[in-house]
Amino acid sequence: MENTQKNIEKNLQSSKKHSYNLHSPGVRTYKDSVFCRIFNEKKELLSLYNALNMSHYENPDDLEIITLDNALFLQMKNDVAFLINTNEMCLIEHSSTVCLNYQLRSLLYLAREYEVILEQRNENILKYGLVKIPTPACIVLYNGIEKRPEVEILKLSDAFENQEVEPCLELFVKVLNINENVLNGCKTLKDYVILISKIRENYNEIGDLAKAIHKAVDYCIDADHLRSFLIRNRAEVEPMLLSEGTVEEYVDSMNEVKEQE
C-alpha cells in the first residue's frame, strides 16, 4: 500500500504543470480506460448485455469480443464491440462528454467491423446469394456532468445536410444516461457509477485529484463496490487515473470548438 501511494504521488508530481479538474482528460479519459478494463472481461460484459437487453444468457462463451484498436480517424475507437451467438453485433461506448457524432462514428466503426468479419468468414459480396451479417446495436453509456435525458435516440439522418431528400441510409444510437438510470441486473455497472460519483464528490471536497481517487478506491473496496477488481488492479488503476490524456491537447481542442461555434 505504501509503495502504491508513493507511485501515485510520483505520477502526480510529474504532472504538476497540468491543472487537473473535472473537465480535464485526466478525469475524462480515465473513466473510459477503467470502463474498458472492467468490461473487456466476458463475464462482466455478458452481465451488461443481459441488463441492456433483458436477456438471460449464462454462458460467457456465447460472447466473442471483437473490439478493434485505433479503428477510426483521430485515434478514436469504440470501447467494446462483441458478437453474441455470432448473429448479433453490439457496440458499446462509454462517454463522459456529450457528443452529437456518435452515429457517424458508429457507422464508420461498423463498416470496419463488417470488413473484418466478412474476411474471417471468407465471404464474397460479389456473389449472387445474399451474404448475411450480424445484426448491429449501438449503445452509448453516458455519465458526464451535464444534464441529459435518461434515454436518447440519435439518428444518422440528423447529420444529412439536405433534409428534404429521403435518405437511403439510417442508423440509430441509443444513449443511456447511467447517472439517472443505472441498469438493473448489472451490479458491476452500478459499482462503476458509484466509483465515479465518489471521485467527483471527493474532488469537489478536497480539490486534489490524486487524493480524491485514492479515497474513492478505499471507499469502494470497503463497501464492496468493484472490490475484487480494485484490489487486483489498484497498483495500475490509480496511476492510470492520473496519467492518461494530455490536458493541454484537450483544452486546446475545446477552445477550437468554441471558437468555431
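Along the sequence shown, the residues carry numbers beginning at 1.
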request  = Report the C-alpha distance between Phe172 and Leu156 in whole Å, list the side-chain angles of each, state the deciding distance to 0.1 Å, and finish with yes or no for side-chain contact (heavy atoms from CB on, under 4.5 Å).
outcome  = CA-CA 6 Å; Phe172 300 98; Leu156 180 65; over 6 Å; no
request  = Tell me, please, which residues at least two apart from Asn202 pass side-chain hydrogen bond (donor to acceptor under 3.5 Å, both in side chains).
outcome  = none
key: side-chain hydrogen bond (donor to acceptor under 3.5 Å, both in side chains) partners of Ser55, counting only residues at least two apart   = Asn50
ask   = Is it true that Arg234 and Asp218 have a side-chain N and a carboxylate O under 4.0 angstrom from each other?
value = yes
Distance, nearest 0.5 Å, that separates CG of Asn233 from CD of Glu236 = 5.5 Å
ask   = Ile213 and Ile206: same hydrophobic cluster, using ILVMFWY side-chain contacts below 4.5 Å?
value = no
Atom CD1 of Ile125: over 12 foreign heavy atoms under 6.0 Å = no
inquiry  = Just so I know, are the side chains of Asn40 and Ile65 near enough to count as touching, which here means a heavy-atom distance under 4.5 Å?
reply    = yes
query = If you group Ile, Leu, Val, Met, Phe, Trp and Tyr whenever their side-chain heavy atoms sit less than 4.5 Å apart, what else falls in with Ile194?
reply = Tyr219
request  = Please test Glu44 against Thr188 for side-chain hydrogen bond (donor to acceptor under 3.5 Å, both in side chains), starting from the C-alpha separation and ending with a verdict.
outcome  = CA-CA 7 Å; Glu44 303 296 353; Thr188 302; 2.5 Å; yes
Sequence-distant partners of Tyr57, side-chain hydrogen bond (donor to acceptor under 3.5 Å, both in side chains), two or more places apart = Asn85
message = Suppose the criterion is salt bridge (Lys or Arg N to Asp or Glu O under 4.0 Å): which pairs have a residue in residues 141-170, not counting sequence neighbours?
response = Lys147-Glu180, Arg148-Glu152
task = Could I get the full list of side-chain hydrogen bond (donor to acceptor under 3.5 Å, both in side chains) partners for Gln103, not counting sequence neighbours?
result = none
Sub-4.5 Å side-chain heavy-atom contact between Ile117 and Pro134 = yes
request  = For Glu113 and Leu91, indicate whether the former's side chain and the latter's backbone hold a donor-acceptor pair under 3.5 Å.
outcome  = no
message = Are the side chains of Ile38 and Phe229 in contact, using a 4.5 Å heavy-atom criterion?
response = yes
note = Note: with side-chain heavy atoms under 4.5 Å as the link, the other cluster members for Val165 come out as none
task = Applying salt bridge (charged side-chain N to carboxylate O under 4.0 Å, His left out), name anything that partners Lys187, two or more places apart in sequence or on another chain.
result = Asp191
query = Rounded to the nearest 0.5 Å, how far does CG of Leu171 lie from OG of Ser106?
reply = 6.0 Å
key: Close aromatic pair by centroid cut-off 6.0 Å: Phe82 and Tyr49   = yes
task = Report the C-alpha separation of Val131 and Leu118 in whole Å, then their side-chain angles, then the decisive distance to 0.1 Å, and conclude whether the side-chain contact (heavy atoms from CB on, under 4.5 Å) test is met.
result = CA-CA 9 Å; Val131 174; Leu118 291 174; 3.6 Å; yes
query = Can you tell if the side chain of Ile92 reaches within under 4.5 Å of the side chain of Leu48, non-hydrogen atoms only?
reply = yes
Spacing of NZ belonging to Lys42 relative to OG belonging to Ser47, to within rounding of 0.5 Å = 15.5 Å
query = When rounded to the nearest 0.5 angstrom, what is the spacing between CD1 in Ile199 and CD1 in Ile196?
reply = 5.0 Å
query = Taking C-beta and beyond as the side chain, do Val80 and Leu45 meet within less than 4.5 Å on heavy atoms?
reply = yes
inquiry  = Taking CD in Gln163 as the centre, count heavy atoms belonging to other residues, nucleotides or ligands within less than 6.0 Å. Is the count above 12?
reply    = yes
message = Take a 6.0 Å sphere around CG of Leu169 and say whether it holds more than 12 heavy atoms from other residues, nucleotides or ligands.
response = yes
request  = Please list all pairs passing the salt bridge (Lys or Arg N to Asp or Glu O under 4.0 Å) test where one or both residues lie in residues 117-141, with sequence neighbours left out.
outcome  = Glu123-Lys127
Minimum heavy-atom distance between Gly185 and Ala51, given as atom pair plus value = C-CB, 4.2 Å
Donor-acceptor contact present, side-chain Tyr109 to main-chain Leu68, <3.5 Å = yes
task = Only counting residues at least two apart or in another chain, list the ones meeting side chain to side chain contact (heavy atoms under 4.5 Å, CB included) with Glu205.
result = Lys215
remark   = For residues 220-233, the salt bridge (Lys or Arg N to Asp or Glu O under 4.0 Å) pairs (sequence neighbours left out) are Glu41-Arg232
inquiry  = With a sphere of 6.0 Å drawn around NZ of Lys174, does it hold more than 12 non-hydrogen atoms of other residues, nucleotides or ligands?
reply    = no
ask   = Rounded to the nearest 0.5 Å, how far does SG of Cys90 lie from CG of Asn53?
value = 6.5 Å
ask   = With a 4.5 Å heavy-atom cut-off, do Val140 and Leu176 have their side chains touching?
value = no
key: Check: Tyr142 ring centre within less than 6.0 Å of His94 ring centre   = no
task = Could you check Met89 against Tyr114 for side-chain contact (heavy atoms from CB on, under 4.5 Å), going step by step and ending with a plain yes or no?
result = CA-CA 10 Å; Met89 177 165 55; Tyr114 282 133; 3.5 Å; yes
query = Do Asp79 and Phe39 touch side chain to side chain, with heavy atoms closer than 4.5 Å?
reply = no
request  = Measure from the side-chain N and O atoms of Glu64 to the backbone N and O of Asp61, and report whether any donor-acceptor pair falls under 3.5 Å.
outcome  = no
inquiry  = Contact between Leu46 and Ile84 at the side-chain level, heavy atoms closer than 4.5 Å - yes or no?
reply    = yes
message = Checking the side chain of Asn179 only, and the main-chain atoms of Ile145 only, is there a donor and an acceptor separated by less than 3.5 Å?
response = no
message = For the CG atom of Asn143 and the OG1 atom of Thr97, what is their distance to the nearest 0.5 Å?
response = 10.5 Å
Set of side chain to side chain contact (heavy atoms under 4.5 Å, CB included) partners for Asn122, sequence neighbours left out = none
key: Shortest non-hydrogen contact from Pro136 toward Leu110   = CB-CD2, 3.8 Å
